[in-house]
Amino acid sequence: MLVKRNLFILITGLVLFALFSNLAFAHGMSGAEKQAIIDGGNVQYLWLGATHMLSGYDHLAFVFGIIFFLTTFRDIAKYVTAFTLGHSVTLIFATFNAIQLNYFLIDAVIALSVCYIAFANIDGFRKYLGINPPNMMLMIIGLGLIHGFGLSTRLQELPLSEDGLLLNIISFNIGIELGQISALFLMLLLIAAWRKTHGFKAFSLIANYALIAMGIYLFFMQMHGYEHTINKELGASKEASAQSTAVQGGLASMESTEWKDSIAVTIPARGDKEYKLFLAKGATFNYSWRTDGEPLFYDFHGEPAGDTTGYFKSFHKSTESQSSGSLTSTFAGTHGWYWKNNTHTPITISLKVNGEYQLVDKNKVINEPAPKLQARHESID
């Protein structure tokens, strides 16, 4: 009877984590959340921070591991405060200074932090490695810094405005803390009820092994996601080389070209924009662009005219401060660039083009069937 009761409590805890995990992929954000944070003010940032924390099961698993064997309010407050200070520092600093890392990689490290805290709980350093464990307080602060960097990386996926940026980040962070307190309250109730049972010690070992297994699973899931994105980018680049006649040339060879149109495009801080030309099938155009300083991520791509599915063909993706070349279109439609500015200052692009195209501009008339611009990126026209 006792065994069944402890198993029930353990399974209930794991199911709660599973339910939270269905709300979002780690600490990713839904399209609705992204739109809300774009449209909303500080209250929206606070709300999104709270819901983001409650759906971030890797953070919750780590907090669960921290408090697992803590019995006094003083110890709980001390270690949870250390974690809070750690993740608050990097969340605010990295977001404000636009410091990023691939989110799959940072989430993989966060997954390993769950393994670490559970391994420490079972006294694994002494049992299996024969060494004394590192100072727990310092480790929680350090791992908190990593969790904060992960939160920041996800937050920076949004087109954050420079207006009131610091206050918006702080509001998001306060929301994170409110979500953490809510989750912590439920965890403490669960553990307090469980601790009163005679089988707590035995099943606590199982629970921490379960946390280690969860961390390992999340680690491989994140690394799989990272590998997938890398292979996808490499595949797109190779396919573009085979199917298009786009040629990346040096700017030096293009400087003597007589350009037909010169366009200035300003990408706002932490923002993104597209610029497109309309090409008939088989038409060729030359291009050259450069920024006024910082490199930008760009995706040189085309969208077939009349397509309503959102399909687009990527010819080349990279992060550069300049690019030039030519393209012969294999289909009629819009062709051009998506630029994303991850810095905290606006960047102006000087774009020059010539060849067989029509500017996709509301002041100019396109005689071919009107291309349908998809809402995937913000268009500047």
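The first residue of the sequence shown is numbered 1, and numbering continues consecutively from there.
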Any donor-acceptor pair under 3.5 Å from [X] side chain to [Y] backbone:
X      : Y      : answer
Asn121 : Gly65  : yes
Ser113 : Ile110 : yes
Asn341 : Pro268 : yes
Glu356 : Thr284 : yes

Report the residues that fulfil ring-ring contact (aromatic ring centres under 6.0 Å, His included) with Phe83, sequence neighbours left out, ordered by chain and then residue number. Phe62, His87, His147
Taking the ring of Phe68 and the ring of Phe200, is the distance between their centroids below 6.0 Å? yes
Tell me the closest heavy-atom pair linking [X] and [Y], and the distance in Å.
X      : Y      : answer
Ala183 : Leu54  : CB-CD2, 3.9 Å
Ala94  : Gln156 : O-NE2, 3.4 Å
Thr90  : Ser152 : O-CB, 4.0 Å

Roughly how far, to the nearest 0.5 Å, is [atom2] of [Y] from [atom1] of [X]?
X      : Y      : atom1 : atom2 : answer
Leu188 : Ile67  : CG    : CD1   : 4.0 Å
Ile99  : Thr153 : CD1   : OG1   : 10.0 Å
Ile191 : Lys196 : CD1   : NZ    : 13.5 Å
Tyr128 : Ile122 : OH    : CD1   : 5.0 Å
Leu277 : His335 : CG    : NE2   : 9.5 Å
Glu294 : Ile267 : CD    : CD1   : 14.0 Å

Do [X] and [Y] make a side-chain contact, defined as non-hydrogen atoms from C-beta onward lying under 4.5 Å apart?
X      : Y      : answer
Tyr45  : Leu48  : no
Leu165 : Phe96  : yes
Trp339 : Trp289 : yes
Lys313 : Pro304 : no
Phe104 : His228 : no
Ile216 : Cys115 : yes
Glu258 : Lys352 : no
Phe69  : Asn208 : yes

Distance-only side-chain donor-acceptor flag, Asn42 / Asn168, under 3.5 Å: yes
Please check if any side-chain donor atom of Ser324 sits under 3.5 Å from a side-chain acceptor atom of Ser288, or the reverse. no
Only one of Trp337, Tyr298, Tyr287, Phe300 clears ring-ring contact (aromatic ring centres under 6.0 Å, His included) with Phe315; which? Phe300
Could you tabulate the donor-acceptor pairs under 3.5 Å formed by side-chain atoms of residues 132-146, not counting sequence neighbours?
from   : atom 1 : to     : atom 2 : distance (Å)
Asn135 : OD1    : Met137 : N      : 3.0
Asn135 : OD1    : Leu138 : N      : 2.9

Given Tyr116 and Phe125, is the ring pair (Phe, Tyr, Trp, His ring centres under 6.0 Å) satisfied, shown in steps? CA-CA 10 Å; Tyr116 178 88; Phe125 288 96; 5.5 Å; yes
Pair His52-His59, side-chain contact (heavy atoms from CB on, under 4.5 Å): steps then yes or no: CA-CA 10 Å; His52 189 57; His59 298 300; 5.7 Å; no
